[in-house]
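To start, the structure under review is shown below, and the notes come after it.
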Protein chains: 2
Amino acid sequence: MSTPQKSPERNKTQSRTVKVQVALRQAIIEQRLAPGIRLPEDTIGESFGTSRTIAREALQRLAVEGLVELQPNRGAFVANPSLDEGRDVFVVRQGLERMVVRHLAGNLSTQQIATLEHMLQQEELAAAQNDAEAIRLAGEFHLKLVEMTGNQLLIRYLTETISRCSLVLAMYGRPHSVDCGIEEHRQIIEALIAGDVERTSSLMEHHLDEVAGRALLEPRKTESLQDVLSSFADLLR
Amino acid sequence: MSTPQKSPERNKTQSRTVKVQVALRQAIIEQRLAPGIRLPEDTIGESFGTSRTIAREALQRLAVEGLVELQPNRGAFVANPSLDEGRDVFVVRQGLERMVVRHLAGNLSTQQIATLEHMLQQEELAAAQNDAEAIRLAGEFHLKLVEMTGNQLLIRYLTETISRCSLVLAMYGRPHSVDCGIEEHRQIIEALIAGDVERTSSLMEHHLDEVAGRALLEPRKTESLQDVLSSFADLLR
DNA sequence: GTCTTAATGGTTGTACGCAATCTTTAAGGG
DNA sequence: CCCTTAAAGATTGCGTACAACCATTAAGAC
């Protein structure tokens with residue numbers, strides 16, 4: 001049945017579409033592609049050495065992920081979420097993460113605990129020196145947690161939501177607010193092991209409030225025209 | 001910048017793809033297309049009087065919705081979730097609905113309250129006579145609730161999840177267990193108006209436990225080989 | 001008779017081309 | 001000078017054709 005003499009490597013990855021999709025996603029999350037910018041199918045196709053068909057498919061998928069906006073007969077644009085939409089995304093993330101800890105608390109295997117503590121160590125290592133790496137690891141921690149639930153749907157939703165959070169933070173967050181507090185991660189692990197659902201939930205809630213609130217709510221809140229102009233008006237005195 | 005003088009009418013609906021998508025979704029949820037059945041692009045295209053391109057696109061989207069499974073180089077199939085996967089979907093739904101009531105409790109406008117009570121009346125009307133209509137209305141109730149949150153992401157996720165629940169129920173549920181208890185819906189509305197988050201949450205949790213548990217967990221639970229065989233063994237005495 | 005291997009049929013993966021639509025630019029009238 | 005209207009340009013929407021791949025069946029060897 002199986003044909004092991006095939007390519008020794010993996011399934012060769014699901015063809016070009018996915019490759020383009022991941023590449024674009026990375027570019028968007030890292031803000032190499034600014035929010036609101038146009039994404040013509042032609043250009044993308046040429047860039048990746050493929051035809052419009054592939055580019056189009058990748059864009060469609062990214063659209064359902066919420067990273068690009070698709071306007072009928074007008075084309076694709078990098079998503080440009082408003083602050084309100086951004087808050088919505090964080091609200092959903094909080095709820096999803098709450099589901100994660102609810103299912104994990106008290107149910108961690110020793111293997112899983114070891115994995116988490118290992119990740120924590122890596123986070124601490126990276127915290128002092130490598131900014132980009134630290135941010136990446138902080139995200140991985142949350143992804144690892146949800147993967148441990150084994151709930152495929154939950155994994156998909158939270159993965160998607162987290163990447164959207166990254167986009168929102170990139171737009172409205174300050175340059176590099178250390179997204180996650182490592183100490184908070186440690187406390188969460190401890191509470192999970194202890195099996196205290198309520199405590200873990202509130203810890204996670206607090207943790208995400210920190211992330212969202214610190215970086216998102218404070219800074220360029222609404223930035224209404226009046227506010228901007230009044231701050232300039234002061235200079236006229 | 002904005003061009004309000006555009007077409008006065010609606011956006012004319014987003015082209016054929018969505019139409020095919022909607023039609024297929026309906027067919028799958030209503031079990032007109034049995035789980036596991038093949039969905040060749042050609043056939044679908046011909047059925048809807050369009051080309052493979054459209055069919056393919058619709059299938060892709062339904063795949064991310066979880067209603068069809070896409071096997072590389074092999075084609076599309078109507079999703080055939082295992083009982084475990086089905087349970088996962090219900091777990092996620094519970095979590096999402098919990099988010100809904102958390103945001104709605106105590107924040108309903110009089111307009112919204114009126115809408116909900118109107119829906120309740122319709123449910124009661126349909127309950128006695130029209131089965132299919134009753135089931136549809138029961139689903140609408142939950143959809144209406146999430147729409148009232150105004151959180152687009154939450155709306156998308158829960159809509160998707162609810163349709164997947166329908167598929168699961170169609171597969172593993174008994175013929176037509178009345179999916180939702182109307183009385184339970186009434187209690188939920190009351191608790192929402194009262195603004196009692198905890199009570200609403202537990203009501204909703206209980207409500208969905210009823211739906212899932214009654215129709216899904218009891219009946220063909222695991223059905224391990226031993227169980228089946230032992231029940232046959234009795235006949236040999 | 002069974003296993004291996006080749007050939008065939010069918011379906012997906014991808015590229016490309018034409019038509020439809022939107023945007024922009026240019027021209028004309030008030 | 002501005003606004004309205006027409007034409008040109010560019011991009012998406014969609015169909016179709018060919019190539020790649022998988023599954024099945026047929027043929028051959030042991």
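Order of the sequence lines sets the chain letters (A, B, ...), proteins ahead of strands, with each chain counted from 1. Hydrogens, waters and symmetry mates play no part in the numbers below; they use all other heavy atoms, side chains included.
- Summarising the geometry, the separation between NZ on B:Lys19 and P on D:dG13 is reported as 15 Å, rounded to the nearest angstrom.
- The separation between B:Glu57 atom CD and C:dG13 atom C1' is 15 Å, rounded to whole Å.
- Following rounding to the nearest Å, A:Gln71 (CD) and D:dT11 (C1') show an atom-to-atom distance of 13 Å.
- Taking atom CD on B:Gln60 and atom C1' on D:dG13, their separation rounds to 16 Å, with Å as the unit.
- Between C:dT12 and B:Arg74, no contact under 4.0 Å exists linking OP1 or OP2 to a side-chain N or O.
- If you take CG of B:Leu59 and C1' of C:dT12, they are 11 Å apart, rounded to a whole angstrom.
- The nearest whole Å value for the distance from the CD1 atom in A:Ile44 to the P atom in D:dT12 is 8 Å.
- Within the structure, a side-chain polar atom (N or O) of A:Thr50 is placed less than 4.0 Å from OP1 or OP2 of C:dA15.
- Along DNA chain C, the nucleotide closest to B:Arg56 and the one closest to A:Arg52 are compared, and the more 5′ of them pairs with B:Arg56.
- Between B:Glu57 and A:Arg56 there is a salt bridge, with a side-chain nitrogen of the basic residue lying less than 4.0 Å from a carboxylate oxygen of the acidic one.
- Inter-residue side-chain proximity for B:Leu145 and B:Met204 is flagged as met; some heavy-atom pair is nearer than 4.5 Å.
- Residues A:Glu41 and A:Ala55 come closest through the heavy atom pair O-CB, 3.6 Å.
- A salt bridge does not link B:Glu65 with B:Arg164: none of the charged nitrogens is closer than 4.0 Å to a carboxylate oxygen.
- At D:dT12, one or more side-chain N or O atoms of A:Arg38 fall inside 4.0 Å of OP1 or OP2 (strictly under the cut-off).
- We find that CZ of B:Arg16 is positioned 13 Å from C1' of C:dT21, with the value rounded to whole Å.
- Remark: C1' of D:dC14 and CD of B:Gln21 are 17 Å apart, rounded to the nearest angstrom.
- At a cut-off of 3.5 angstrom, the base of C:dG13 holds no donor-acceptor pair with the side chain of A:Ser15.
- Between A:Glu160 and B:Arg156 there is a salt bridge, since at least one side-chain N of the basic residue sits less than 4.0 Å from a carboxylate O of the acidic one.
- Applying the 4.0 Å criterion to OP1 and OP2 of C:dA15, one finds that A:Ser51 has a side-chain N or O inside that range.
- Distances were taken from every side-chain heavy atom of A:Glu41 (C-beta onward) to each of C:dT12, C:dA15, D:dG13; the shortest belongs to D:dG13.
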